Trainee: 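The following block contains the structure, expressed as structure tokens.
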Amino acid sequence: MHVSGTTHGDVLVLTLDDDRLDAAGALKFKETVRTAIAKHPGRVALDMENITFLDSSGLGALVGAMKMLGNGRRLELVLCGPIVSKVLTLTRMDKVFVLHDRRPWLADGQDAA
Amino acid sequence: MGSRSVERPKAILRERIAGTSDAVQSHLRTLEGATRACELDTDRSADMLIVLGEILNNIVEHAFTGSDDGWIVCTIHRHKDRFSVETRDNGAPLPPGLLTAGPLPDIDTTLDDLPEGGFGWFIVHTLTDDMIYERRRGQNRLTFSLALP
């Protein structure tokens with residue numbers, strides 16, 4: 001699993017090269033996020049559009065990644081699909097992460113497509 | 001068509017996998033393809049994938065500790081009103097306390113104190129309708145179902 005990062009103003013946007021965040025990849029995810037967020041003091045968003053599956057290990061890894069941010073920063077999750085949304089809602093973790101149904105780094109009025 | 005053929009359960013998938021998280025991931029991908037091919041209820045199929053991911057990874061993480069010859073046989077049927085799932089494995093027994101609903105971990109905490117685990121069985125019990133566990137001849141057998149709308 002690899003995480004790539006692009007910066008949009010204050011927001012570091014992370015994208016995974018995998019379509020699942022689960023027990024098989026959770027540890028690797030945390031390691032690779034730790035490297036990607038180092039030296040970025042601003043907001044951090046994870047693009048979830050291509051993630052079709054999340055399990056409790058993947059959820060734990062998201063929590064772990066958020067704790068790495070420090071300074072009270074919350075991890076922002078963008079464009080969560082049906083299974084990801086279901087797992088977040090069931091566990092009430094949808095109240096803990098910041099969820100976006102569009103890409104917030106695009107200026108207001110700009111077409112998200 | 002007689003009522004007997006209507007009520008006969010339809011086999012969706014039966015697969016024997018190795019006791020590793022990679023094998024679980026591959027099994028879930030296969031099951032996802034099978035539910036799509038059979039045009040099964042989308043929401044409940046998604047729930048079944050979520051639940052089975054938790055159950056199978058729990059077996060991998062806790063029943064097969066220190067063992068590299070673990071196997072799991074997973075069988076899924078569609079009945080008229082429910083999906084039924086059976087898992088059999090040759091791992092350590094399942095602690096009985098996990099068979100009844102557990103609480104959601106406390107998330108009304110500071111960011112630093114948020115739980116990173118303990119969600120799995122809560123998810124399982126929220127999405128399933130019954131659960132039967134048997135331990136026989138060194139094997140675990142767990143069955144559960146998900147009601148269909």
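Reminder, nothing fancy here: chain letters follow the sequence lines and each chain counts from 1. This is a predicted model, so every value here is computed, not measured.
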Trainee: Sort out for me which of A/K95, A/R20, A/R73 touches chain B most, counting heavy-atom pairs under 4.5 Å.
Mentor: A/R20
Trainee: State whether the number of non-hydrogen atoms from other residues, nucleotides or ligands found under 6.0 Å of A/D101 atom CG is greater than 12.
Mentor: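 Atom CG in A/D101 is not crowded, with 12 or fewer foreign heavy atoms closer than 6.0 Å.
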Trainee: Return the set of residues passing side-chain contact (heavy atoms from CB on, under 4.5 Å) with B/T143 (not counting sequence neighbours), or none when no residue passes.
Mentor: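 Checked B/T143 against side-chain contact (heavy atoms from CB on, under 4.5 Å); matches are B/E86, B/I132, B/R141.
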Trainee: Indicate yes or no: does B/R29 engage A/D19 in a salt bridge with an N to O separation below 4.0 Å.
Mentor: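 The answer is yes: the pair qualifies as a salt bridge.
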Trainee: Would you compute the distance between atom CG of A/D22 and atom CG of B/D22 and round it to the nearest 0.5 angstrom?
Mentor: 8.5 Å
Trainee: Give me the contact list for residues 85-92 of chain A versus chain B, heavy atoms only, anything under 4.5 Å, ordered by residue number.
Mentor: A/K86, A/V87, A/L90, A/T91, A/R92
Trainee: Does any N or O in the side chain of A/K67 come within less than 3.5 Å of the main-chain N or O of B/E116, such that one atom is a donor and the other an acceptor?
Mentor: no
Trainee: Would you mind telling me which of B/D47, B/T110, B/T126 has the largest number of heavy-atom pairs within less than 4.5 Å of chain A?
Mentor: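 Option with the top pair count is B/D47.
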Trainee: For B/I50, which atoms come within 4.5 Å of any heavy atom of chain A: side chain, backbone, both, or neither?
Mentor: both
Trainee: Could you grab the distance from atom CH2 of B/W121 to atom OG of A/S56, nearest 0.5 Å is fine?
Mentor: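 The CH2 atom of B/W121 sits 10.5 Å away from the OG atom of A/S56.
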Trainee: Treating Ile, Leu, Val, Met, Phe, Trp and Tyr as nodes and any side-chain heavy-atom pair under 4.5 angstrom as an edge, say whether B/L111 and A/V98 lie in one connected cluster.
Mentor: no
Trainee: Should A/L27 and B/L56 be counted in the same cluster of Ile, Leu, Val, Met, Phe, Trp and Tyr side chains packed under 4.5 Å apart?
Mentor: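 Different clusters.
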Trainee: What part of B/P105 gets within 4.5 angstrom of chain A, counting heavy atoms only: side chain, backbone, both, or neither?
Mentor: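 Contact with chain A: none, neither part.
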Trainee: Name the region of B/L127, side chain, backbone, both or neither, that has any atom closer than 4.5 Å to a heavy atom of chain A.
Mentor: side chain
Trainee: Report yes or no: do A/V13 and A/L16 belong to one cluster of Ile/Leu/Val/Met/Phe/Trp/Tyr joined by side chain heavy-atom distances under 4.5 Å?
Mentor: no
Trainee: In this structure, would B/V124 and B/F122 fall into the same cluster of hydrophobic residues linked by side-chain contacts under 4.5 Å?
Mentor: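 Shared cluster, yes.
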Trainee: Let me confirm one number: the CG-CD1 distance from B/D43 to A/I83, rounded to the nearest 0.5 Å.
Mentor: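 Rounded to the nearest 0.5 Å, the CG-CD1 separation comes out at 10.0 Å.
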Trainee: Side chain, backbone, both or neither: which part of B/D108 has a heavy atom under 4.5 Å from chain A?
Mentor: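 For B/D108, the side chain is the part near chain A, not the backbone.
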Trainee: If you group Ile, Leu, Val, Met, Phe, Trp and Tyr by side-chain heavy-atom gaps below 4.5 Å, do A/V78 and A/V63 land in one group?
Mentor: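 Hydrophobic grouping puts A/V78 apart from A/V63.
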Trainee: So, for B/S21 and A/A24, which heavy atoms are closest and what is the spacing to 0.1 Å?
Mentor: OG-CA, 3.5 Å
Trainee: Can you name the residues of residues 36-55 of chain A that have some heavy atom under 4.5 Å away from a heavy atom in chain B?
Mentor: A/F53, A/D55
Trainee: Could you name each residue pair satisfying side chain to side chain donor-acceptor pair (under 3.5 Å) that touches residues 95-107 of chain B, not counting sequence neighbours?
Mentor: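 Residue pairs with at least one partner in residues 95-107 of chain B: there are none.
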